[in-house]
Amino acid sequence: MPLRLYNSASRKKETLKPIKDGKVGIYVCGVTVYDLCHIGHARSAIVFDVLVKYLRARGFKVTYVRNFTDVDDKIIERSKKTGEDTITLAERYIKAFHEDMFALGVHDADVEPRATEHIDDIIDMIRRLVEKGVAYVVDTTVYFSVEKFDSYGQLSGRRLEEMVAGARIDIDEKKKHPMDFVLWKGTKPGEPKWQSPWGEGRPGWHIECSAMSCRYLGENFDIHGGGRDLIFPHHENERAQAMAANGVNFVNYWIHNGFLTVESEKMSKSLGNFITIKDALQLYHPQELRLFLLSKHYRSPLDFSRSALLETRSGLIRIYRTLQRLEEMIGPYKGNSKERTTPSLSQSDGDRLKSNFVRVMDDDLNTAGGLGLIFDRVRDINRLLDSSSQGEDTKSQLVKERRDLLSCSKVLGLLEVEPSKFFQQITKTPPEIDTDEIERMIQERRKARNEKDWTKADAIREELSKRGIILEDGPRGTKWRLKAEGSTKSLKKEVS
RNA sequence: GGCGGCAUAGCCAAGUGGCUAAGGCAGCGGUCUGCAAAACCGUUUGACACCGGUUCGAAUCCGGUUGCCGCCUCCA
């Protein structure tokens, strides 16, 4: 079974056939840098991060391009409020974006072009559109003429007549057709500007992506991605510009991720439920956010809620506990350098988990299905750990099962944290009790237990529990751990 | 108004014609434990919105109904 992806343009799943055998070019619309990124951006970034990692694991050589829009109305508006110039403002939010992505474990793209660095490419593309008569100039503004491009509306499944009919479109006297859009905008005082054949001005919103994607990936490339909302008008217009200018097909596969709601409501600034990635990282561990965001298919809508994230946490803790038990049994994971960076997954993989993982992921990146397999494997490993036979055979099997588990989770950017570190990070509040005292109390309790003084032993355990310490008695003595903050169970105790 | 999507157990969520419909969370019962915790096993009355149709056979395809949502304007 080859890799199949849902193509928004055909509204069907299609087998991925790269233009150049074994190589994939992918362009994803990045962010307009006028504000902090929110968790919706995080979903999009993580989905395409996983797509790229998966493609690489499946042996494709990927060129991943993700742009920054650093000149735009909203940036100009914001810079007027803050008093910064637009370049400084954009630079600040690009830095914030990189911080967020790093925290979430999202890799940098291979190329991260900025609109302001490609003004020449943009002007060149507009010039060709004007020369071909697909664009026209009014004063200092250049418009794209939608009527001159036959398949306008094909990507989003709209027809011009329908759009005009139902429209709440601003009537612009200068436009020949209401749906025509701006390629080049004449400058106003105080705005960023560049010299062009049509006077000083700046690019329109859509043209930069056409220019930059073609610049780095060629006039016709494999995959173009972004959020669902970008299908119209942004991607429709990008497609129209590029195809009209170059005269060849633009993108072979359009991939769009679904939207995120917050507590069942659309995320918007007016509703006050706008959650930035930085906010989310205050409340949740990056691994929790990743697991949560990948727990539903990327095209479906997903509701971000407190209760859903706490459920996610419970599941994640279970997996990391297993990883920790594994470390105690067979030592820390030491993959070779290739396994650690780019795991390799193939259809004919001997391991049941890996071959099944490839089977579900090949079907339009079914991360939810893949996670199901990962949880299956965790249970298998726990069974082995519980079993009485703990000889060398069991150990070597555990080594193999963990290696294959981590190869799969690596593609999802999960289980990458050292277990002990994970538990440290997830229990942010440091205990108001030092470890020496914990050890002392455990010794005291052990003495009581040896004397079968259960009342005293239980009292000590209860005292530690109040301070957030959970004790676990095992065959090799008593272990302690911190109660996970905000887990469903401890939340219930707070409520009752 | 136009276009599109969704409806699977208490909750979240895979599965798009055919073995006993994944997995997670929560609850309950059991194993283990002095009791717990963790883990494991079992379980949550027949879980596929409703009505028709196609088919030997449908959660899955087609038509209709109801309900929810998105886009059509900046938006990941």
Side-chain angles (χ1 to χ4, degrees), chain A residues 8 11 13 28-32 34-35 37-48 72-74 77 153 156-159 161-170 179 205 225-234 256-261 264 266-269 291-292 295-297 299-303 305 307-308 310-319 321-322 324-325 356 360 363 366-379 381-387 449 452-455 457-458 461-462 465 470-475 478-481 483 487-489 492:
Chain A
S8 302
R11 292 162 198 81
K13 287 180 195 172
V28 174
C29 284
V31 292
T32 302
Y34 74 104
D35 203 348
C37 289
H38 53 68
I39 50 178
H41 294 110
R43 184 185 194 189
S44 185
I46 287 173
V47 162
F48 289 104
D72 154 277
D73 289 349
K74 289 193 293 290
E77 194 183 314
S156 56
R158 293 150 209 263
R159 284 183 301 176
E161 312 86 76
E162 286 165 355
M163 286 190 274
V164 176
R168 296 183 305 188
I169 302 166
D170 289 339
M179 296 309 293
W205 174 36
R228 272 196 78 81
D229 56 318
L230 293 179
I231 294 175
F232 189 88
H234 185 54
H256 293 99
N257 66 278
F259 254 42
L260 204 64
T261 52
S264 304
K266 184 178 170 172
M267 182 163 49
S268 72
K269 288 186 175 171
L291 177 59
F292 172 73
S295 65
K296 198 171 179 187
H297 188 87
R299 279 188 285 120
S300 303
L302 173 61
D303 188 47
S305 70
S307 63
L310 291 181
E311 281 182 14
T312 300
R313 170 168 300 183
S314 299
L316 189 64
I317 286 174
R318 192 157 90 82
I319 301 177
R321 274 204 187 111
T322 300
Q324 195 162 43
R325 289 180 73 191
N356 283 333
V360 299
D363 183 13
N366 183 357
T367 54
L371 287 170
L373 295 169
I374 283 174
F375 275 101
D376 282 339
R377 172 54 56 98
V378 167
R379 195 178 50 240
I381 291 174
N382 277 327
R383 274 189 199 136
L384 267 176
L385 287 164
D386 279 355
S387 73
R449 291 182 75 213
K452 305 236 187 285
D453 185 351
W454 309 126
T455 316
D458 290 351
R461 185 169 63 197
E462 181 57 27
S465 172
I470 303 288
L471 295 188
E472 295 183 2
D473 298 325
T478 299
K479 289 190 296 182
W480 64 274
R481 62 181 162 85
K483 207 183 282 183
S487 80
T488 328
K489 280 176 185 165
K492 277 210 160 171

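To find a chain, count down the sequence lines: A is the first, B the second, and so on, and within it residues start at 1. In this text, all values refer to a predicted model and were calculated from it rather than measured experimentally.
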Is the base of [N] touched by the side chain of [X] through a donor-acceptor pair closer than 3.5 angstrom?
X         : N       : result
Arg379(A) : rC40(B) : no
Asp229(A) : rC74(B) : no
Arg43(A)  : rA76(B) : no

Atom pair distance, as rounded to whole Å: [atom1] in [X] and [atom2] in [N]:
X         : N       : atom1 : atom2 : answer
Phe232(A) : rG70(B) : CZ    : P     : 19 Å
Arg158(A) : rG70(B) : CZ    : P     : 15 Å
Leu230(A) : rC72(B) : CG    : C1'   : 14 Å
Tyr34(A)  : rA76(B) : OH    : C1'   : 11 Å
Glu472(A) : rA37(B) : CD    : C1'   : 5 Å
Arg299(A) : rG70(B) : CZ    : P     : 19 Å
Arg228(A) : rC3(B)  : CZ    : C1'   : 11 Å
Leu260(A) : rC69(B) : CG    : P     : 16 Å

**OP:** Give a yes or no on whether a salt bridge exists between Asp386(A) and Arg383(A), defined as a side-chain N under 4.0 angstrom from a carboxylate O.
**Re:** no

Subject >> Nucleotide-resolved protein contact map, nucleotides 9-19 of chain B, B/S/- at heavy-atom distance under 4.0 Å >> reply: --B-SSSS---

Subject >> rC25(B) OP1/OP2 closer than 4.0 Å to side-chain N/O of Arg318(A) >> reply: yes

Original post:
Is the phosphate of rC40(B), meaning OP1 or OP2, less than 4.0 Å from a side-chain N or O of Asn382(A)?
Top reply: yes

Original post:
Quick one: which of rC74(B), rA39(B), rC35(B) gets closest to the side chain of Lys74(A)?
Top reply: rC74(B)

**OP:** Report yes if the ring of Phe259(A) lies under 5.5 Å from the six-membered base ring of rG70(B) with planes under 30°, and no otherwise.
**Re:** no

Original post:
Under the criteria of a ring-centre distance below 5.5 Å and an interplanar angle below 30°, is Phe375(A) stacked with the base of rG24(B)?
Top reply: no

Subject >> First of Leu373(A) and Gly474(A) reached from the 5' end of RNA chain B, by closest nucleotide >> reply: Leu373(A)

Original post:
When you match Asp458(A) and Met267(A) each to their closest nucleotide on RNA chain B, which lands nearer the 5' end?
Top reply: Asp458(A)

Original post:
When you compare rA76(B) with rC40(B), how far apart are their C1' atoms, in angstrom units rounded to a whole number?
Top reply: 42 Å

Original post:
If we take the P atom in both rA49(B) and rA7(B), what is their distance in whole Å?
Top reply: 8 Å

Once you apply a heavy-atom cut-off of 4.0 Å, does [X] come out as touching a base, just sugar-phosphate, or nothing?
X         : value
Arg159(A) : nothing
Gly40(A)  : base
Arg481(A) : sugar-phosphate
Asp376(A) : sugar-phosphate

Original post:
Is there a donor-acceptor contact under 3.5 Å from the side chain of Thr322(A) to the main chain of Arg318(A)?
Top reply: yes

